[in-house]
Amino acid sequence: MHYFRVRPEDWDTRLLQIKALGLNTVETYVPWNLHNPSPERWVFEGALDLERFLIAAARHQLYVVLRIGPYICAEWDFGGLPSWLLADPSMRVRTSHPMYLLAVKRYFDRLLPLVERMQTGHGGPVIALQVENEYSHFPEPRDAAYLALLISWLRQAGLTVPLMTADPPGAAASGSLAKDPSLLKAINVLADPRSALLAHNRSCMESEDEAGSEGKWPAKGCPKLIMELWTGWFDNWGADQTHHVRDLDDFLQTVQEGLRDALVGQSFGFVLYTAQINTSRWTRGSTGDAELASTELSLAVQAVRDRAQVFADKHLEAVLERPGFGEPAPITFTVAALALGASINLYMLHGGTSFGFMAGATHLQGYRPAVTSYDFDAPISESGELTQKWHALQELLQRQPGKLDGSVAPRVPLPERAGGTVGYGRVELEKRLPLWSVVEAMAARGAGTQSLRPLLMEMLNNPQSHNPDAQASLLHLNPV
């Protein structure tokens, strides 16, 4: 779920729908171009109030994985990079270009203090960060020094949670820092998760000069972590394009295969497999009950450590030392930073809408701009309806043996109205404004800029559609 593709009034409802499905973590990108629409302007309020979104996730006892970029892709305009970067004709984005790094550093200086105080170690919900996105797709030569500097800046800012990259299977060496096992390498897949994870593991071993270590599973720094298991796909404009729909049985089979393979081996994880220890007998203020809860919690920690690979004890302890995101007692402690098997992030569980002109484009088999809707054929539709895919997925997850005590995930009550659609009927456009009429009118008034060659709009101090005021207006439109 991307907070910037959903109206703030609907954040709580969507988070409850995610919780009710049986998951314990929500993932979101952070769009630099909306938060920093011009070099000197910063927007972190209203529809772009990231801290408010993180607090809402914590209120519903959901952990958060933040994918902070700077480049995020996400079928979002310029991959989340602000267009004003291109006003510099020498600019080279996603590299160690000095002016690009200067802009990224200024962005991180604004963003990271917020993220730092929302980490699990400070009582917040942020459990992990992803830097960059599918950097293996970036044209060679890729800039390892750029990635290393991003990691350095994150650590200097006090970010202690796990850091990761995400790339297609087999691309761990080219899309991440091959020699840095502390930077976890995750993958994005559509189907056959076991083969994808095996290819990922081989790629990691080869990048570490360990090609002969066939028995090593998982390879160092390469957990069995699927950052994107695609629930459907996005749509493009074009006469030959149709709404993408992923077959329900095919999707469920893929998820089930991922869960089955997750039970083989051990890895760092935080999404599906959690251990819950019921401490409902503990009431705050009661010393005896608190001691009992502490004893039960210690046993839970030991159980997890006995059965799962310890990535870093301090991350686990940071999660366990705080009671359920501050929810009133009685509570349930959730052991979530370590787990048995793989972890799966369902992309998208809810897609939402690319408001304004923020939909991006692909250039794989020709130029294909994405449509405004980011429905994605996700389990939760663009309008917030729970689809057949959601209900089938909930039933599947309820049956998974992911809890140490063998229990099923608790049922979470859903709000009475989770979504709705309105039919507007046929809409006919009665007026038009030809481009050349505008040009002629501007010329007659002596307005505009004259040039012997076409100019980038950024050179005219006219960045694309990164207008947070217009974005906020669209996000707060009242439904009919």
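All residue numbers in this chain count up from 1 along the given sequence. Owing to the predicted nature of the structure, the values given are computational and were not obtained by experimental measurement.
Looking at residues two or more places apart in sequence or on another chain, you find a side chain to side chain donor-acceptor pair (under 3.5 Å) between H2 and R5. In this view, N236 and F234, Q241, T362, R368, A370 satisfy the side-chain contact (heavy atoms from CB on, under 4.5 Å) rule, not counting sequence neighbours. Every salt bridge (charged side-chain N to carboxylate O under 4.0 Å, His left out) that D250 has, sequence neighbours left out, goes to R246.
R67 has a carboxylate O that lies under 4.0 Å from a charged side-chain N of E228, or vice versa, which qualifies the two as a salt bridge. Of the charged side-chain nitrogens involved, none lies within less than 4.0 Å of a carboxylate oxygen, so that R106 and D109 do not count as a salt-bridged pair. Using a cutoff of 4.0 Å between basic side-chain nitrogens and carboxylate oxygens, R117 and E51 are scored as salt-bridged.
Looking only at atom types and distance, the side chain of D375 has no donor-acceptor partner in the side chain of S373 under 3.5 Å away. With hydrogens and angles left out, the side-chain atoms of E75 and S354 include no donor and acceptor closer than 3.5 Å. The closest side-chain donor-acceptor pair between D377 and H244, if any, does not fall under 3.5 angstrom. Checked by atom type, the side-chain pair D143/T95 shows no donor-acceptor distance below 3.5 Å. For the residue pair S152 / Q156, a side-chain donor-acceptor distance below 3.5 Å is found, with atom types taken as modelled. Side-chain N/O atoms of Y100 and Y146 include a donor and acceptor closer than 3.5 Å. There is a side-chain donor-acceptor pair under 3.5 Å between T165 and S176. For the residue pair E116 and H122, a side-chain donor N or O sits within less than 3.5 Å of a side-chain acceptor on the partner.
In this pair, W233 and F376 present their aromatic rings tilted. The plane angle is within the 30 to 60° band.
Rounding to the nearest 0.5 angstrom, the gap separating the CD1 atom in I68 from the CG atom in L163 is 8.0 Å. Distance CG/L111 to CG/N36: 10.5 Å, rounded to 0.5 Å. Atoms CG and NE2, from L15 and H60 in turn, are 5.5 Å apart once rounded to the nearest 0.5 Å. In this structure, CG in L150 is found 8.5 Å from OG in S96, a value given to the nearest 0.5 Å. Going from atom CG of L349 over to atom CD of E27 covers 10.0 Å, rounded to the nearest 0.5 Å. Distance check: L81 CG to W32 CH2 gives 6.0 Å after rounding to the nearest 0.5 Å.
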Derivation and outcome, side-chain contact (heavy atoms from CB on, under 4.5 Å), residues L229 and N345: CA-CA 6 Å; L229 193 154; N345 176 43; over 6 Å; no
F44 and D49: CA distance, side-chain angles, deciding distance, side-chain contact (heavy atoms from CB on, under 4.5 Å) verdict: CA-CA 5 Å; F44 284 94; D49 193 338; 5.9 Å; no
Step-by-step side-chain contact (heavy atoms from CB on, under 4.5 Å) determination, M1 to I18: CA-CA 9 Å; M1 169 183 169; I18 292 171; 4.1 Å; yes
Test log, rule side-chain contact (heavy atoms from CB on, under 4.5 Å), inputs Y3 and L50: CA-CA 8 Å; Y3 63 98; L50 174 58; 3.6 Å; yes
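Taking the six-membered ring where the residue is Trp, the centroids of W230 and Y347 are separated by 6.0 Å or more.
Residues L34 and V43 approach most closely at O-CB, 4.0 Å, considering heavy atoms. In this structure, R155 and V161 approach most closely via the heavy-atom pair NH1-O, 3.0 Å.
A donor-acceptor pair under 3.5 Å is absent between the side-chain atoms of K105 and the main chain of W153, judged by distance alone. Under a 3.5 Å cut-off, the side chain of K19 and the backbone N or O of L62 do not form any donor-acceptor pair.
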